[in-house]
Amino acid sequence: MPRATFKHLPDEKRERILRTATRLFAERGFNRSDMDEIAKRSGVAKGSLYNYFRSKDDLFLHVCRDAIERSREATWGEVREHWDIYEVVNHIFRSHVRFEFSYPEYHRLHLNFSSPRMERFADKLALESEQHTSRKLKHLLKEGIREGIVRSDLDVSMTAFMINSLYILFMASLVSRYFQIRLKEYLDIEEELTPESMEKYLNRIILFIRSFLTPRLL
């Protein structure tokens, strides 16, 4: 948690420190980032940075929690209560692709704190990152089954996991060269991935999810 002194900073200075730390952690990873460089790039003294955060661990945790919150707001912020599972899946995939192209550093942070040897951060951040979407998807699937628009033979928990896993891997392909190559191989993509070209592959994934969820006609 940041110290009270950080919360009392002017908005512009607080945002500058956050954005600088976010970009550096995303660019170099936690282990190769240091407080000296963050302070220098932010235009503040290193001592001041320690007045705002007790340690690099504390700063990293705060940056990651900020990234989780911004990502969730960009993805779920405009979702309406009356939307069904199909409308929500369509919205969260499309809105998050736009967010990823604008702010790729946030997903790079996610890849960093979810990587091996980062367990002390995963223990604190995993549920904060995953629980909201997990509960929303399970609720929407159950509602869809009750309303007869989703197959009744589905394993709800497994299906929610499958949808979110497709979502995470698809988004990772926008910021990770490895996952981009992987996506191109599996989906037979030869062109460069741009916001425009991604539209057709988004359509394929959303249609795949819809066809999997839709009740079978007898």
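These figures come from a predicted structure and were not determined experimentally. Every heavy atom of this structure was used, including side-chain atoms; hydrogens, water molecules and symmetry mates were not. Residue indices begin at 1 and follow the sequence shown.
- Using cut-offs of 30° and 60° for the angle between ring planes, the Phe208 and Phe212 rings count as parallel.
- For the pair Thr133/Trp76, a side-chain contact is recorded, criterion being any heavy-atom separation below 4.5 Å from C-beta on.
- Judged by the 6.0 Å and 45° rule, Arg210 forms a cation-pi pair with Tyr86.
- Note on Arg32 versus Glu27: no salt bridge recorded, every NZ/NE/NH1/NH2 to OD/OE distance being 4.0 Å or above.
- Between Lys136 and Val88 there is no side-chain heavy-atom pair separated by less than 4.5 Å.
- No donor-acceptor contact under 3.5 angstrom links the side chains of Ser211 and Thr214, judged on distance only.
- Between Arg146 and Glu143 there is a salt bridge, since a side-chain N of the basic residue sits under 4.0 Å from a carboxylate O of the acidic one.
- Contact check for Glu69 versus Arg65: no side-chain heavy atoms found under the 4.5 Å cut-off.
- The closest side-chain heavy-atom distance from Ile181 to Tyr186 is not below 4.5 Å.
- Note: Phe25 and Phe30 have parallel aromatic rings, judged against thresholds of 30 and 60 degrees for the angle between ring planes.
- By the criterion of side-chain heavy atoms lying less than 4.5 angstrom apart, applied directly or through intervening Ile, Leu, Val, Met, Phe, Trp or Tyr residues, Ile205 is grouped together with Leu154 in one hydrophobic cluster.
- Looking only at side-chain heavy atoms (C-beta outward), Leu183 and Leu174 stay at 4.5 Å or farther from each other.
- Minimum interatomic distance between His91 and Val79 (heavy atoms only, all atoms of both residues): CD2-CG2, 3.5 Å.
- Ring geometry for Phe121 against Phe60 counts as perpendicular: the plane angle is over 60°, on a 0 to 90° scale with 30° as the lower cut.
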Test His96 against Phe93 for ring pair (Phe, Tyr, Trp, His ring centres under 6.0 Å), laying out the working first. CA-CA 5 Å; His96 204 83; Phe93 271 77; 9.3 Å; no
Show your reasoning for whether salt bridge (charged side-chain N to carboxylate O under 4.0 Å, His left out) applies to Glu87 and Arg80. CA-CA 9 Å; Glu87 292 170 300; Arg80 299 293 175 256; over 6 Å; no
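- Using a 4.5 Å cut-off on side-chain heavy atoms (C-beta onward), Val89 and Leu140 make no contact.
- A salt bridge is absent between Glu128 and Lys124: the closest approach of a Lys/Arg side-chain nitrogen to an acidic carboxylate oxygen does not fall below 4.0 angstrom.
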Apply the test salt bridge (charged side-chain N to carboxylate O under 4.0 Å, His left out) to residues Arg70 and Glu15: give CA-CA distance (whole Å), side-chain angles for both, the deciding distance (0.1 Å), then the verdict. CA-CA 13 Å; Arg70 292 181 193 230; Glu15 182 68 10; 2.8 Å; yes
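- In summary, the side chains of Arg94 and Asn203 do present a donor paired with an acceptor at a separation below 3.5 Å, with no hydrogens or angles considered.
- A salt bridge links Lys184 with Glu192; the closest basic N to acidic carboxylate O contact falls under 4.0 Å.
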Stepwise salt bridge (charged side-chain N to carboxylate O under 4.0 Å, His left out) test for Asp57 and Arg120: CA-CA 10 Å; Asp57 279 32; Arg120 72 183 187 278; 3.0 Å; yes
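- Side-chain atoms of Asp58 and Pro2, non-hydrogen and from C-beta on, never get closer than 4.5 Å to each other.
- Residues Lys40 and Met35 fail the side-chain proximity criterion, which asks for heavy atoms closer than 4.5 Å.
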